[in-house]
Protein chains: 2
Amino acid sequence: MPLTMKEKILIAAEKRVRSAGFSEMSFRDLANDVGIKSASVHYHFPTKPDLGEALVARYAEQFKSELDKIDRNDLHTALESFVALYSNALVLNKSICLCAVMGAEAIGLPENVNQRTKAFFEMNKTWLETLFTRHGVKDASDMASLIVAALEGGMIVASSSNDRSMFEQVAQTAIRSIAAA
Amino acid sequence: MPLTMKEKILIAAEKRVRSAGFSEMSFRDLANDVGIKSASVHYHFPTKPDLGEALVARYAEQFKSELDKIDRNDLHTALESFVALYSNALVLNKSICLCAVMGAEAIGLPENVNQRTKAFFEMNKTWLETLFTRHGVKDASDMASLIVAALEGGMIVASSSNDRSMFEQVAQTAIRSIAAA
DNA sequence: TTTTGCCTACCTAGTGATAGATAGACATCA
DNA sequence: TGATGTCTATCTATCACTAGGTAGGCAAAA
């Protein structure tokens, strides 16, 4: 089955949001991307908040399914895989994690979108906390929060500096700090 | 001496950017805030990138002067003061660090603005690295990068969750991880 | 007298959103 | 079978509004 128009729109929207921000993405651009008119985009997503909510929900869902694939038997390997997921989300000069963008824009965003973003962060923290608890890492909850924050922040710093290595430095240091704990 | 119009505009702009993002801030809003017309704002800052650049430069300068006031003789106290500076920048439901916003929006922002943002992060990292080196913390450079990323990321997570305690959790865990190193 | 700082008035190019129409698919009923 | 009705997905056209930016004028200060 080929992609539905709704899916095509979401794909185009994710690309635009991640590379220019939610407020910079317009229905007209999306319409152009997928080859319909802007009014028709409103048919699929009545309002912009509706689109935003669907977008983050879809992103979180896909991310979750990637997380579920990671083998959690070895702490270090699992952590490296986790970081790799974030690393893949950081394509220099092109895009960063959707939720890093949404998080930074949060204050000016509709509440329903923010709740989805929050859920994304929570999901990541929970996954890490479970991993840490399982491998006897101390302060599992605190460390999980630290790692998520560091990775999201690392992306932002790297993005504004246009220097991917800044993210890698943060990521590796974060992993090491877990090993030390 | 009272505030010049230029300063008044910068103050209004900072408020708006930190609470809604750079792209959401308009010359009309600023003009309204300070009681002049939007055309007159263009007199002081010809283009929006010009304003953005001045804004980040001013923010970094003020932040720097706060950093300089911190007593660096005791590692823990200095770190707490450092974190407090970030904490002050996070006023829930109102604003986060200017450079966290700018960093997240980086991809869609003019290059001159990004360079200023980069400089802000560099300044913070350098300050921390100096502190760490002085107190014999291992991997001073890596740890400095980690702390800055964690604090910026922590702000974003806390902001989208509208839960200040998330930032505090990240900040305290970050400090503890330094003590452990 | 020139510069400074602001004004009015305007432009072009967008924005999200809505109304109303239409073509085609499909199902139900006479 | 053929007619009727309804749903889906799209269209055109337009709304009211906001964006950044510009031209030209005017008054006061240097």
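Order of the sequence lines sets the chain letters (A, B, ...), proteins ahead of strands, with each chain counted from 1. It should be emphasised that the depicted structure is a prediction, and the values quoted were computed from it without experimental measurement.
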Novice: Need one value for A:K48: base, sugar-phosphate or nothing, where a base atom within 4.0 Å counts as base even if backbone is also close, heavy atoms only.
Specialist: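 Result for A:K48 = sugar-phosphate.
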Novice: Between C1' on C:dG16 and CG on A:L30, what's the gap in Å once rounded to a whole number?
Specialist: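 Taking CG of A:L30 and C1' of C:dG16, I get 12 Å after rounding.
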Novice: Rounded to the Å, how far apart are A:I9 CD1 and D:dA9 P?
Specialist: 11 Å
Novice: Closer than 4.0 angstrom, basic N to acidic O: yes or no for B:R18 and B:E14?
Specialist: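 Between B:E14 and B:R18 there is a salt bridge, with a charged N closer than 4.0 Å to a carboxylate O.
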Novice: Base of C:dG16, side chain of A:R28 - is there a donor-acceptor contact under 3.5 Å?
Specialist: yes
Novice: Pick the nucleotide of DNA chain D nearest each of B:E24 and A:M5; which residue has the one closer to the 5' end?
Specialist: A:M5
Novice: Base, sugar-phosphate, or nothing for A:F27, non-hydrogen atoms under 4.0 angstrom?
Specialist: sugar-phosphate
Novice: The side chain of B:A39 lies closest to which of these nucleotides: D:dT12, C:dT15, D:dA23?
Specialist: D:dA23
Novice: Does B:D33 pair with B:K8 as a salt bridge, N-O distance under 4.0 Å?
Specialist: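 A salt bridge is absent here (no side-chain N lies under 4.0 Å from a carboxylate O).
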Novice: Rounded to whole Å, how long is the line connecting atom NZ of A:K37 with atom P of C:dT22?
Specialist: 18 Å
Novice: Output yes when B:R58 and B:E7 qualify as a salt bridge under the 4.0 Å nitrogen-oxygen rule, no when they do not.
Specialist: no
Novice: Is there a side-chain polar atom (N or O) of A:Y43 under 4.0 Å from OP1 or OP2 of D:dA9?
Specialist: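 Result: yes.
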Novice: Between D:dT10, C:dG5, C:dT18, which nucleotide gets closest to the side-chain atoms of A:S40?
Specialist: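 Closest nucleotide to the A:S40 side chain: D:dT10.
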Novice: Using a cut-off of strictly less than 4.0 Å, decide whether A:H44 has a side-chain nitrogen or oxygen near OP1 or OP2 of D:dT10.
Specialist: yes
Novice: Return the nearest nucleotide to the side chain of B:T47; candidates are D:dC11, D:dG21, C:dC6.
Specialist: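 Of the candidates, D:dG21 comes closest.
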Novice: Roughly, in whole Å, what's the span from NE2 in A:H42 to C1' in C:dG20?
Specialist: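 Rounded to the whole Å, the gap is 16 Å.
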Novice: Whether A:D139 and B:R176 form a salt bridge (side-chain N of Lys/Arg under 4.0 Å from carboxylate O of Asp/Glu) is what I want to check.
Specialist: yes
Novice: Could you check how far CG of B:N32 sits from P of D:dG20, rounded to whole Å?
Specialist: 13 Å
Novice: Tell me the interatomic distance from A:I36, atom CD1, to D:dT12, atom C1', rounded to whole angstroms.
Specialist: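 Value for this atom pair: 14 Å.
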Novice: Nearest whole Å is fine: how far is D:dT22 C1' from B:F45 CZ?
Specialist: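 So the two atoms are 19 Å apart, to the nearest Å.
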Novice: Ion pair present between B:R164 and B:E168, side-chain N to carboxylate O less than 4.0 angstrom?
Specialist: yes
